[in-house]
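Remarks on the structure that follows.
All ligand and atom numbering here is 1-based and tracks the order in the structure.
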Amino acid sequence: MTETPEQTFTLTNDQTGESCKLPLVEGTYGPHCIDIRKLYAQTGHFTLDPSFTATGSCKSRLTYIDGDKGILMHRGYDIKDLAAESTFMEVCHLLLYGDLPNRSQLDKFIHDITYHTMVHDQINYFYRGFRRDAHPMAIMCGVVGAMSAFYHDSLDIYDPRQREISAHRLIAKIPTLAAMTLKYSIGQPFMYPRNDLTYPENFLYMCFGVPAEPYNVNPILTKAMDRILILHADHEQNASTSTVRLAGSSQANPFACIASGIASLWGPSHGGANQAVLEMLDQIGHKDNIPQFIEKAKDKEDPFKLMGFGHRVYKNFDPRAEVMRESCHEVLEDLGIDDPKLELAMELERIALEDPYFAERKLFPNVDFYSGIILKAMGFPVSMFTVLFAVSRTVGWISQWKEMMEEPTLKIGRPRQLYTGPAERDYVPIEKRG
Ligand code: CMC
């Protein structure tokens, strides 16, 4: 980030004529930012931006998004190149350490992750406290937060090596915990991780293997799973990542911070959208009903929205959606699935894209529109979809947390507010209250 004294932005108060100069800061790409940190001291005013539509919360070297051009890059690499050429393990290394690994770095990283995939055996009993019909995200919030109670030797957030071990533990154990969540909900025994399998193979094995039978690795499903993991790995300062950073800014431990990210991801406006897409397709039921649902989505009096459409940042297309669309067809073809839901989804996509309401507002299918269909074809229950998102995003969250913890000027995050409640009033004793 560069900051030159010549680059300033002047704010003038129309009423008093007073003005204040604020520094303009410039990143590698993207619009310049007005650094408002001294605004209150200079003017006595705060800024108000409740949904952060015009506010940057941090500097970051991890991910760049240009929503208008449909660009997503991690550490300078285009997501489409990463999805086509890299494995998820390479992308994890890239996010966590800043560069794609060479062969020996990759081998070491895979070794480090692989040998952390087992969870403390006591965690098995922890699951039994949940109802079998608990939402998998509810279980994930609990068990990931509870990791702080098991891994005391990596909780010193001021020790870089302990931070690294926590990061490895989270990336390694989150698939194990997610698979245990699935197994618990369907009443099958937990499958211990297998170190001879790759990260996506092991995850699919722990989800779909059973002790009674050998497990056959399907290369097409493995590749699709790896791509899903890559495409969801990081997405700069979205709601869940900002939640992780805000929690971490108070010096909370990394497991607690990631649990807070999982809670934030759960909502249907964020990671919960892939589940919501499938539920919406069920609700629509048949192609003939699409126009009626399009009208509902356009009706401002109706809370219904087309799930899987629109994005806070991508206002032309979501580059992840293009890759996911391709994977979607590959998986369905391989599995020989002729899913009427996919046909319905494609028709919905076609009709919505032709509708001026969606075109004018630049509402395009996002990554979740397609990921739900793939995950369903692979055999994941709909309620697990957001858990899959959490498995992928854990590396992004922990890399963002690590980057923040390495900042020498780290301070607790503390937004201000515009108070709109009652003005000061006299206390009324209970017997005099109306
Ligand atoms: N269906 C119908 N209308 C929509 C939709 C939609 N899915 N999304 C936005 N709009 C309308 C919205 O009503 C508004 O209309 P108007 O200008 O007439 O008031 C306009 O489009 C702009 O929308 P917005 O609400 O200001 O956009 P936002 O940036 O605040 O919201 C969003 C982004 C993703 C929350 C929203 O588009 C949405 O709820 N989409 C459906 C849920 C979804 O698919 N979420 C997954 C996001 S991708 C995964 C991730 O990165 O987490």
Name each donor-acceptor pair under 3.5 Å that joins a side chain in residues 167-182 to protein atoms two or more places apart or in another chain, with its distance.
{"residue": "His168", "atom": "NE2", "partner": "Tyr97", "partner atom": "OH", "Å": "2.8"}
{"residue": "Arg169", "atom": "NH1", "partner": "Asp153", "partner atom": "OD1", "Å": "2.8"}
{"residue": "Arg169", "atom": "NH1", "partner": "Ser154", "partner atom": "OG", "Å": "2.9"}
{"residue": "Arg169", "atom": "NH2", "partner": "Asp153", "partner atom": "OD1", "Å": "3.3"}
{"residue": "Arg169", "atom": "NH2", "partner": "Asp153", "partner atom": "OD2", "Å": "3.3"}
{"residue": "Lys173", "atom": "NZ", "partner": "His116", "partner atom": "O", "Å": "2.8"}
{"residue": "Lys173", "atom": "NZ", "partner": "Met118", "partner atom": "O", "Å": "2.6"}
{"residue": "Thr176", "atom": "OG1", "partner": "Thr117", "partner atom": "O", "Å": "2.6"}
{"residue": "Thr181", "atom": "OG1", "partner": "Tyr127", "partner atom": "OH", "Å": "3.4"}
{"residue": "Thr181", "atom": "OG1", "partner": "Leu177", "partner atom": "O", "Å": "2.8"}

For Ser392 and Ile228, the nearest pair of non-hydrogen atoms, with its separation, is OG-O, 3.9 Å
At a heavy-atom distance under 4.0 Å, which protein residues reach ligand 1? Sort them by chain and number, would you? Pro268, Ser269, His270, Ala273, Ala297, Lys300, Lys305, Leu306, Met307, Gly308, Phe309, Gly310, His311, Arg312, Lys315, Arg320, Tyr357, Arg361, Leu363, Asn366, Asp368
Are side-chain N/O atoms of Trp266 and Thr386 paired as donor and acceptor at under 3.5 Å? no
Hey, which of Phe317, Phe369, Phe364 is the one that makes ring pair (Phe, Tyr, Trp, His ring centres under 6.0 Å) with Phe309? Phe369
Residues which pass ring-ring contact (aromatic ring centres under 6.0 Å, His included) with Tyr40, listed by chain and number, not counting sequence neighbours: Phe46
ring-ring contact (aromatic ring centres under 6.0 Å, His included) involving His45 - partner list, sequence neighbours excluded: none
